[in-house]
Number of protein chains: 2
Amino acid sequence: MDLSQHIRERGLKATPSRISVMKVLESDHRAYAHADLETIFSTMDRVTLYRVLNDFEETGLVHKVIDMDGVTRFAYCKHSCPDTHHADEHVHFNCQVCRKMFCLENMPAPSFNIPKGFKAMGQNVLVFGLCKSCSAA
Amino acid sequence: MDLSQHIRERGLKATPSRISVMKVLESDHRAYAHADLETIFSTMDRVTLYRVLNDFEETGLVHKVIDMDGVTRFAYCKHSCPDTHHADEHVHFNCQVCRKMFCLENMPAPSFNIPKGFKAMGQNVLVFGLCKSCSAA
DNA sequence: ACTTAAATACAACAATGTTGCGTTTAAATT
DNA sequence: AATTTAAACGCAACATTGTTGTATTTAAGT
């Protein structure tokens with residue numbers, strides 16, 4: 001699959017920064033924090049990285065989740081998502097030891113029976129504990 | 001109910017700061033951000049307020065949730081919670097307009113069937129959308 | 001190769017949260 | 001009621017996460 005093409009399809013220019021960030025996100029369906037990617041791409045400008053991630057999110061290329069520490073994380077959208085709604089809303093798992101966040105792709109977020117008067121637009125379902133490698137150690 | 005007594009029962013000193021913060025939290029089972037309380041108690045030191053909230057959380061007087069914006073919020077524990085585990089883990093609702101966060105006390109967080117190898121310790125279940133007053137307006 | 005809107009780099013700023021330390025105070029003891 | 005002391009407070013400094021403004025550069029269409 002051509003990453004440049006994938007990016008351009010959403011109306012964004014396929015710049016080197018975007019292509020390399022997308023390559024990481026696409027290779028591993030984990031939710032990455034800005035700080036993670038800043039470590040990987042040590043020469044990339046902080047602000048550019050923030051904007052790359054926000055642009056990806058706004059065009060539906062990635063989805064956004066808040067982790068246990070209140071930090072925003074971004075994960076590749078396996079299914080193409082429209083700009084407005086992310087079809088693949090699933091449960092995320094956040095490890096308390098290594099702090100990694102995993103997309104549980106085949107575990108859709110349940111729909112809740114919210115009290116009358118409230119209007120639900122989406123949800124953020126986060127389970128925390130120990131991931132595979134950390135519970136083994 | 002005596003708030004001072006309630007605070008002392010958890011091994012904390014019943015100081016004026018703690019009593020007044022607890023009074024607000026206890027009066028309305030909503031999850032308050034540090035910023036909300038700083039507005040209410042404009043003379044209270046920022047750091048003291050952070051420490052009051054963290055102490056309450058560590059002793060099980062309140063529970064902690066992360067909101068849509070990644071901001072930590074604290075809500076009164078209706079049921080007494082042991083230090084380690086909060087028995088009243090329920091769904092929270094975060095309004096996208098007024099940003100208020102509501103405890104849906106009678107909606108327990110579901111237990112998820114996490115993949116083999118992962119060890120779940122707890123969850124943060126957040127539904128967002130429009131609250132009663134904001135969807136009416 | 002030219003053009004232009006989009007993207008980048010850099011500086012400055014804002015919000016949230018933490019740490020260290022000297023001073024004050026709640027509450028137990030005398 | 002006075003004394004004691006660990007706990008809590010107030011203040012300064014700092015760390016991290018994230019945003020905004022603007023001049024410069026570049027992807028990609030003409």
Side-chain angles (χ1 to χ4, degrees), chain A residues 2-23 31-59 61-62 64-74 83 94 99-101 124, chain B residues 2-23 31-59 61-62 64-74 83 94 99-101 124:
Chain A
D2 184 7
L3 292 180
S4 304
Q5 187 57 25
H6 191 214
I7 291 167
R8 270 191 294 261
E9 270 166 8
R10 295 300 174 117
L12 299 175
K13 286 188 185 175
T15 64
S17 313
R18 285 180 178 158
I19 295 167
S20 41
V21 170
M22 182 53 78
K23 198 175 289 179
Y32 289 87
H34 178 272
D36 300 331
L37 295 161
E38 213 184 1
T39 303
I40 298 173
F41 303 109
S42 50
T43 63
M44 197 179 296
D45 181 74
R46 286 177 11 85
V47 178
T48 298
L49 184 48
Y50 274 114
R51 295 210 248 236
V52 163
L53 292 169
N54 286 329
D55 292 343
F56 281 176
E57 203 268 337
E58 278 160 25
T59 54
L61 285 166
V62 303
K64 181 159 113 173
V65 234
I66 308 289
D67 73 14
M68 287 172 57
D69 302 310
V71 174
T72 304
R73 288 175 174 266
F74 299 88
D83 302 13
N94 205 171
R99 302 268 133 181
K100 279 182 190 165
M101 177 119 120
N124 194 44
Chain B
D2 184 7
L3 292 180
S4 302
Q5 188 57 25
H6 191 215
I7 291 167
R8 270 191 295 261
E9 271 166 6
R10 294 302 173 115
L12 300 176
K13 287 188 185 173
T15 63
S17 314
R18 284 181 178 157
I19 295 166
S20 41
V21 170
M22 182 53 78
K23 198 174 289 177
Y32 287 87
H34 178 272
D36 299 331
L37 295 161
E38 213 184 4
T39 303
I40 298 172
F41 303 109
S42 50
T43 63
M44 196 179 296
D45 182 73
R46 286 173 16 83
V47 177
T48 298
L49 184 48
Y50 275 114
R51 295 208 250 236
V52 163
L53 293 169
N54 286 329
D55 292 343
F56 281 177
E57 203 268 336
E58 279 160 25
T59 54
L61 286 167
V62 302
K64 180 159 113 173
V65 233
I66 307 288
D67 74 12
M68 287 173 54
D69 302 311
V71 174
T72 304
R73 287 174 174 267
F74 299 89
D83 301 13
N94 205 172
R99 303 269 134 180
K100 278 183 189 162
M101 179 120 121
N124 195 48

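Convention: sequence-line order gives letters A, B, ...; per-chain numbering from 1. These numbers come from the heavy atoms of this one structure, side chains and all, not from hydrogens, waters or symmetry mates.
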Worksheet entry | Pairwise side-chain contact, L12(A) with F56(A), heavy-atom cut-off 4.5 Å (strictly under) | yes
Worksheet item: Quick one: does D45(B)'s side chain have a donor or acceptor within less than 3.5 Å of a partner on V47(B)'s backbone?
Response: yes
Fill in: Interatomic distance, E58(B) CD vs dA7(D) P [rounded to whole Å]
14 Å
Practice prompt. Ignoring backbone atoms, establish whether T72(A) has a side-chain N or O less than 4.0 Å from OP1 or OP2 of dG18(D).
Written response: yes
Worksheet entry | Whole-Å distance separating the CD1 atom of I19(B) from the C1' atom of dA27(C) | 13 Å
Worksheet, complete the sentence: Atom OH of Y32(B) and atom P of dT16(C) are separated, to the nearest Å, by 17 Å
Worksheet item: Could you state the NZ-C1' distance from K13(A) to dT8(C), rounded to the nearest angstrom?
Response: 11 Å
Fill in: Among dA28(D), dA26(C), dG17(C), the one nearest P16(B) by side-chain distance
dA26(C)
Fill in: For atom CZ of R73(A) and atom P of dG18(D), their distance in whole Å
10 Å
Practice prompt. Indicate the atoms forming the closest heavy-atom contact of R10(B) with T59(B), along with that distance.
Written response: NH1-O, 2.6 Å
Discussion item. Does a side-chain N or O of T15(B) approach OP1 or OP2 of dT25(C) to a distance below 4.0 Å, or not?
Written reply: no
Practice prompt. Would you please confirm or rule out a distance under 4.0 Å between OP1 or OP2 of dT18(C) and any side-chain N or O of N54(B)?
Written response: yes
Worksheet item: Checking D55(A) side chain against V52(A) main chain: does a donor-acceptor pair fall under 3.5 Å?
Response: no
Worksheet item: Please give, in whole Å, the distance from dA27(C) C1' to R8(B) CZ?
Response: 8 Å
Worksheet item: Within this structure, what is the CZ-to-P distance between R18(A) and dA9(C), rounded to whole angstrom?
Response: 12 Å
Worksheet item: Are any of S17(A)'s side-chain N or O atoms less than 4.0 Å away from OP1 or OP2 of dT8(C)?
Response: yes
Discussion item. Can you measure L53(A) atom CG to dT8(C) atom C1' for me and round it to whole angstrom units?
Written reply: 15 Å
Discussion item. Check this for me: does any side-chain nitrogen of one of D67(B) and R99(B) sit under 4.0 Å from a carboxylate oxygen of the other?
Written reply: no
Discussion item. Testing the basics here: between R46(B) and H34(B), what is the closest heavy-atom pair and its distance to 0.1 Å?
Written reply: O-NE2, 3.1 Å
Practice prompt. Find which nucleotide of DNA chain C each of L12(B) and D55(A) is nearest to by heavy atoms, and output the residue with the more 5' nucleotide.
Written response: D55(A)
Item to complete: Check each residue of residues 33-51 of chain B for a non-hydrogen atom within less than 4.0 Å of any atom in DNA chain C, then write out the ones that pass by number, or none.
Response: R46(B), V47(B), Y50(B), R51(B)
Practice prompt. Work out which heavy atom in I19(A) is nearest to a heavy atom in A14(A); give both atom names and the distance.
Written response: CD1-O, 3.7 Å
